[in-house]
Amino acid sequence: MQINSDTTTPEPARPGVDFIRARIQEDNASGRFGGQIHTRFPPEPNGYLHLGHAKSICLNFGVAREFGGLCNLRFDDTNPTKEEVEYVESIREDVRWLGGDWQDREFYASNYFEQLYAYAEQLIQIGKAYVDDLSADEIREYRGTLTEPGRESPYRNRSVKENLALFRRMRAGEFPDGVRVLRAKIDMASPNLVMRDPTLYRIRHAEHHRTGNAWCIYPMYDFTHCLSDSLEGITHSLCTLEFVNNRELYDWVLDTLGVYHPQQIEFARLNLTYTVLSKRKLIQLVKEGHVRGWDDPRMPTLSGLRRRGVPAAALREFCARIGLARADSIVDYSMLEFCVREHLNAHAPRVMAVLDPVKVVIENYPEGQVEEFQMPYHPETPSYGSRKVPFSRELYIERDDFRQDPPKKFHRLSPGAEVRLRYAYFITCREAVLDEAGNVLELRCVYDPQSRGGQSPDGRKVKGTIHWVSAAHALPAEVRLYDHLFAVESPNTAPDGKTFLDNLNPDSLRVVRGMLEPALAEGKAGRTLQFERLGYFCKDRDSSPELPVFNRTATLRDTWAKLEKKGT
RNA sequence: UGGGCUGUCGUUCAAUUGGCAGGACGGCGGAUUCUGGCUCCGUUAAUCAAGGUUCGAGUCCUUGCAGCCCAGCCA
């Protein structure tokens with residue numbers, strides 16, 4: 001099977017721009033940033049990337065590309081107790097897979113620790129930061145509530161000299177965790193809680209995955225992020241809505257320090273039906289073993305989707321279609337499925353496999369005879385080439401393609417009915433051999449030699465075309481059939497006493513033993529194929545030479561199933 | 001309860017900035033078909049509410065209502 005693997009294609013241009021691109025155009029028109037555009041994708045390496053990150057990656061790298069600018073990859077690694085190199089590596093791989101190209105601009109907030117520290121001292125020097133001895137609990141108490149203003153810490157008015165000395169001693173490791181913090185001196189009565197003297201630095205005697213034990217004080221997000229953006233010359237700092245409140249502080253830090261000031265713009269994060277997209281919950285699913293790891297094909301992680309067989313291009317298309325706005329929204333899962341099918345329909349080679357086999361014996365076909373039929377990998381794209389598929393007297397077909405008592409409009413096999421075996425012959429079912437319980441053991445059929453290749457010899461129509469595999473040549477395989485990880489549309493909402501885990505779908509994984517056409521013996525993992533009439537499947541890395549393993553990426557749309565369901 | 005953000009077909013994003021509410025997904029119906037796939041055609045369905053300004057309001061004003069975010073030494 002010599003077919004090019006999935007390549008990176010830019011998402012198609014769309015008419016009409018979203019509010020962020022509109023603002024960037026305005027900034028360009030006014031020359032605000034000298035016409036330059038520079039964005040960044042700033043993940044914290046404390047988990048694997050998921051669909052929500054895909055939205056951000058497509059936005060940040062997309063905007064940079066469209067406006068002739070650059071996009072940095074920056075690891076927001078300021079919390080050594082939660083971050084790991086494993087995550088850094090997976091993030092790098094996932095961003096690259098999605099098509100993000102940061103060239104040599106791979107940055108780490110931890111690279112700026114020295115610089116950040118200098119800024120902190122500067123803040124102290126100008127009387128805008130102080131060392132507080134209050135405990136975490138006391139700070140919370142002093143912060144006030146949503147409706148009441150906070151109170152100033154008794155340590156708020158220490159002298160610059162004392163603050164400096166204390167802060168240096170914090171850095172030097174003279175204090176244990178939690179006894180002191182550095183705080184910005186802003187306004188304890190601000191209606192925006194973020195501005196009530198936010199913590200800038202905390203003491204953490206912990207080993208950092210990059211800086212090792214060089215530091216025992218670590219800067220907080222609000223202090224780090226804006227300054228990292230500033231240091232990198234970011235023009236537009238795009239983040240999700242929950243940071244709207246933080247923008248006031250973002251602006252305050254930069255203006256107070258008098259440094260270059262990027263523009264933060266917030267957009268609504270992605271939500272998907274039947275899916276959880278919170279890092280905390282995804283970590284829980286992995287750590288508690290509800291799934292088989294971060295790249296379990298049922299996970300909404302990029303590595304899970306990749307292993308499931310979803311092409312990166314389908315994800316890019318998805319991100320382009322869901323749009324960008326400031327209103328909270330929950331995208332229909334069917335939108336994702338549509339993008340996956342759309343891409344795979346155009347690109348996936350067609351092969352045949354039977355997942356629930358029932359034997360067919362063609363009584364008038366010579367015993368021991370084997371023919372080979374040349375079948376195209378993609379009927380609409382001849383350049384995909386073709387392969388030979390063996391045909392013989394005994395075949396497997398899908399159990400579901402036969403009915404002893406066919407319902408109305410059933411176009412498949414039943415006693416006396418004629419169907420086409422895809423690319424092979426017309427066959428007519430003479431009888432079904434049943435066991436006492438009525439289960440089909442074997443179908444006795446006859447074929448029409450004149451219909452060779454699946455052509456109608458006399459213009460007569462057959463109602464259906466079904467797929468098949470020659471029994472003697474069939475390749476057994478394990479096939480993993482996936483369904484939504486969660487059984488309900490909104491897994492995050494659980495009744496009292498229940499959690500999102502109670503919404504887990506017990507049938508999200510079904511494993512079956514299928515029979516594949518022999519050409520599938522050679523395929524490598526990675527390329528997603530269509531098993532004709534069934535869906536899209538992708539060889540899994542769990543495959544062994546003895547037993548290939550396939551993941552179902554998505555089913556085909558099944559109008560018959562819908563029709564039949566309506567009938568019952 | 002304080003502050004901030006947001007309300008448009010079932011879902012999601014638009015609406016030339018005050019001028020016939022449009023697209024995509026989904027649903028429904030049909031055509032076509034050697035995949036009950038794909039493709040094609042048709043169809044369905046919305047401006048949170050109430051007032052006001054205006055020849056004209058999704059857009060402007062007023063008053064409500066609803067949802068989301070913020071009280072980490074997480075990001």
Side-chain angles (χ1 to χ4, degrees), chain A residues 14-18 42-44 46 76-79 81-82 132 134-137 139-141 143-150 177-183 190-196 198-204 217-218 220-222 224-225 239-248 266 268 273 279-280 321-339 341-342 345-346 350 352 379-380 409-412 419-424 426 451 453-456 461-467 530-535 555-564:
Chain A
R14 308 265 151 191
V17 293
D18 54 71
E44 181 189 12
N46 67 343
D76 218 335
D77 56 349
T78 58
N79 188 351
T81 60
K82 289 189 178 173
D132 196 350
L134 254 26
S135 70
D137 285 344
I139 286 182
R140 189 182 317 120
E141 231 172 89
R143 187 155 28 229
T145 68
L146 293 178
T147 52
E148 305 152 28
D177 289 3
V179 309
R180 281 184 235 268
V181 291
L182 183 73
R183 291 230 257 168
S190 172
N192 182 358
L193 301 229
V194 170
M195 299 298 278
R196 319 244 261 229
T199 301
L200 266 21
Y201 270 87
R202 76 285 215 187
I203 300 171
R204 281 260 193 295
I217 57 172
Y218 292 92
M220 301 285 291
Y221 165 84
D222 285 304
T224 308
H225 203 89
C239 64
T240 46
L241 242 29
E242 64 268 26
F243 291 102
V244 171
N245 292 322
N246 301 253
R247 188 176 65 236
E248 192 178 353
E266 313 85 12
T273 56
K279 253 193 205 174
R280 204 209 96 230
R321 273 177 189 264
I322 56 176
L324 195 67
R326 281 174 76 88
D328 297 315
S329 61
I330 305 171
V331 175
D332 219 290
Y333 195 90
S334 63
M335 185 74 81
L336 211 212
E337 280 188 310
F338 173 83
C339 294
R341 290 187 183 128
E342 180 187 53
N345 175 56
R350 270 60 168 170
M352 292 201 293
E380 286 151 52
K409 293 186 180 170
F410 186 78
H411 295 164
R412 308 174 189 178
V419 297
R420 169 172 27 237
L421 294 175
R422 179 85 157 149
Y423 297 126
F426 287 10
S451 63
Q455 302 295 332
S456 179
K461 301 280 188 199
V462 283
K463 295 162 291 213
T465 298
I466 64 175
H467 57 99
Q530 183 188 110
F531 288 179
E532 290 214 40
R533 303 212 303 134
L534 294 174
T555 61
L556 255 28
R557 270 186 69 217
D558 192 347
T559 343
W560 165 245
K562 204 184 289 177
L563 234 182
E564 197 181 22

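These numbers come from the heavy atoms of this one structure, side chains and all, not from hydrogens, waters or symmetry mates. Sequence lines set the chain letters: A, B, ... in the order given, protein chains first and strands last, and positions in each chain run from 1.
- Separating the P atom of B:C38 from that of B:C25 is a span of 11 Å, rounded to the nearest Å.
- Looking at the side chain of A:S334, the nearest of the listed nucleotides B:G36, B:G37, B:C25 is B:C25.
- One N or O on the side chain of A:R341 and one on the backbone of A:T555 form a donor-acceptor pair closer than 3.5 Å.
- When each of A:A268 and A:A561 is assigned the nucleotide of RNA chain B bearing its nearest heavy atom, the one mapping closer to the 5' terminus is A:A268.
- Of all the heavy atoms in A:E248 and A:N192, the pair that sits closest is OE1-ND2, 2.9 Å.
- In this structure, the CG atom of A:N345 is 6 Å from the P atom of B:U39, given to the nearest Å.
- If you measure from atom CZ of A:R326 to atom C1' of B:A14, you get 18 Å, rounded to the nearest angstrom.
- When the P atom is compared between B:U32 and B:C41, the two are found 15 Å apart, to the nearest whole Å.
- Separating the C1' atom of B:C13 from that of B:U6 is a span of 15 Å, rounded to the nearest Å.
- Listed for the A:S329 side chain is no donor-acceptor partner under 3.5 Å among the backbone atoms of A:V331.
- Among the nucleotides B:C28, B:G4, B:U35, the one closest to any side-chain atom of A:N245 is B:G4.
- Computed from coordinates, the A:W560 CH2 to B:G36 P distance equals 12 Å when rounded to whole Å.
- Between A:F338 and A:R321, the closest side-chain pair of non-hydrogen atoms falls below 4.5 Å.
- Across all strands, A:F410 comes closer than 4.0 Å to base atoms (heavy-atom distances).
- In this structure, A:K409 reaches the bases: a heavy-atom distance under 4.0 Å links it to at least one base atom across the strands shown.
- The gap from the C1' atom of B:A49 to that of B:G7 amounts to 12 Å, rounded to the nearest Å.
- A donor-acceptor contact shorter than 3.5 Å is absent between the side chain of A:T78 and the backbone of A:Y221.
- At the heavy-atom level, A:E148 lies nowhere under 4.0 Å from the strands shown.
- Comparing the same atom, C1', in B:C61 and in B:G23 gives a spacing of 31 Å after rounding to whole Å.
- Side-chain atoms of A:R350 come within donor-acceptor range of the base of B:U35, with a qualifying N/O pair under 3.5 Å.
- The side chain of A:K463 places no N or O atom within less than 4.0 Å of a non-bridging phosphate oxygen (OP1 or OP2) of B:G36.
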List every contact pair, protein side and nucleotides 71-75 of chain B side both N or O, where the distance is under 3.5 Å.
unit_1 : atom_1 : unit_2 : atom_2 : d
B:A71  : O3'    : A:R143 : NH2    : 3.2
B:A71  : O2'    : A:R143 : NE     : 3.1
B:G72  : OP2    : A:R140 : NE     : 3.2
B:G72  : OP2    : A:R143 : NH2    : 3.1
B:C73  : OP1    : A:R143 : NH2    : 3.4
B:C73  : OP2    : A:R143 : NH1    : 3.3
B:C73  : N3     : A:G178 : O      : 3.2
B:C73  : N4     : A:L134 : O      : 3.1
B:C73  : N4     : A:A136 : N      : 3.0
B:C73  : N4     : A:G178 : O      : 2.8
B:C74  : OP1    : A:R204 : NH2    : 2.6
B:C74  : OP2    : A:R202 : NE     : 2.9
B:C74  : OP2    : A:R202 : NH2    : 2.9
B:C74  : OP2    : A:R204 : NH2    : 2.5
B:C74  : O3'    : A:R202 : NH2    : 3.1
B:C74  : O2'    : A:N79  : ND2    : 3.0
B:A75  : OP1    : A:T78  : OG1    : 2.5
B:A75  : OP1    : A:R202 : NH1    : 3.4
B:A75  : OP1    : A:R202 : NH2    : 2.9
B:A75  : OP2    : A:Y221 : N      : 3.0
B:A75  : O3'    : A:D76  : OD2    : 3.3

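- Rounded to whole Å, the separation between the C1' atoms of B:C9 and B:A14 comes to 13 Å.
- When the C1' atom of B:U35 is taken as reference, atom CG of A:L534 falls 9 Å away, rounded to whole Å.
- Across all strands, A:Q455 comes closer than 4.0 Å to base atoms (heavy-atom distances).
- Among the protein residues, A:R557 comes within range of the sugar-phosphate backbone only, with heavy atoms under 4.0 Å from sugar or phosphate atoms but none that close to a base.
- Side chains of A:S334 and A:D332: a donor-acceptor N/O pair is present below 3.5 angstrom, by distance only.
- Residue A:E532 forms a side chain to side chain donor-acceptor pair (under 3.5 Å) with just one option from A:R350, A:R422, A:H467, and that option is A:R422.
- Atom CZ of A:F338 and atom C1' of B:G10 are 18 Å apart (whole Å).
- Each of A:L324 and A:R533 lies near RNA chain B, and the nucleotide nearest A:L324 is the one positioned closer to the 5' end.
- Separating the C1' atom of B:A57 from that of B:U47 is a span of 11 Å, rounded to the nearest Å.
- A:I330 has its CD1 atom 19 Å from the P atom of B:G26, to the nearest Å.
- Residues A:W560 and A:K409 meet the side-chain proximity criterion, which asks for heavy atoms closer than 4.5 Å.
- In B:G7 the O4'-C1'-N dihedral to the base is more than 90° from 0, which defines an anti nucleotide.
- Below the 3.5 angstrom threshold, one finds no donor paired with an acceptor across the side chain of A:E248 and the base of B:G3.
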Under a cut-off of 3.5 Å for both distances of each Watson-Crick or G-U pair, what dot-bracket string does RNA chain B give, using [ ] for crossing pairs and | for inter-strand pairs? .((((((..((((.....[..))))((((((.......))))))...(((((..]....))))))))))).....
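- Across B:G30 and B:C65, the matching P atoms stand 48 Å from one another, rounded to whole Å.
- Nucleotide B:C69 holds its P atom 16 Å from the CD atom of A:E266, rounded to whole Å.
- We find that OH of A:Y423 is positioned 16 Å from P of B:G37, with the value rounded to whole Å.
- For the pair A:L193 and A:R143, the tightest heavy-atom approach, listed with the atom from each and the gap, is O-CD, 4.4 Å.
- Contacts of A:Q530 with the nucleic acid, taken as non-hydrogen atoms under 4.0 Å apart, include base atoms.
- Minimum interatomic distance between A:N79 and A:E44 (heavy atoms only, all atoms of both residues): CB-OE2, 3.9 Å.
- A:F426 and A:R420 get closest at one heavy-atom pair: CE1-NH1, 3.3 Å.
- The shortest distance between side-chain heavy atoms of A:T199 and A:D132 does not fall below 4.5 Å.
- Glycosidic conformation of B:U17 is syn; the angle stays within 90° of 0.
- Within 4.0 Å (heavy atoms only), A:I466 reaches no atom of the nucleic acid at all.
- Contact annotation for A:R196: no contact, since no heavy-atom pair falls under 4.0 Å across all strands.
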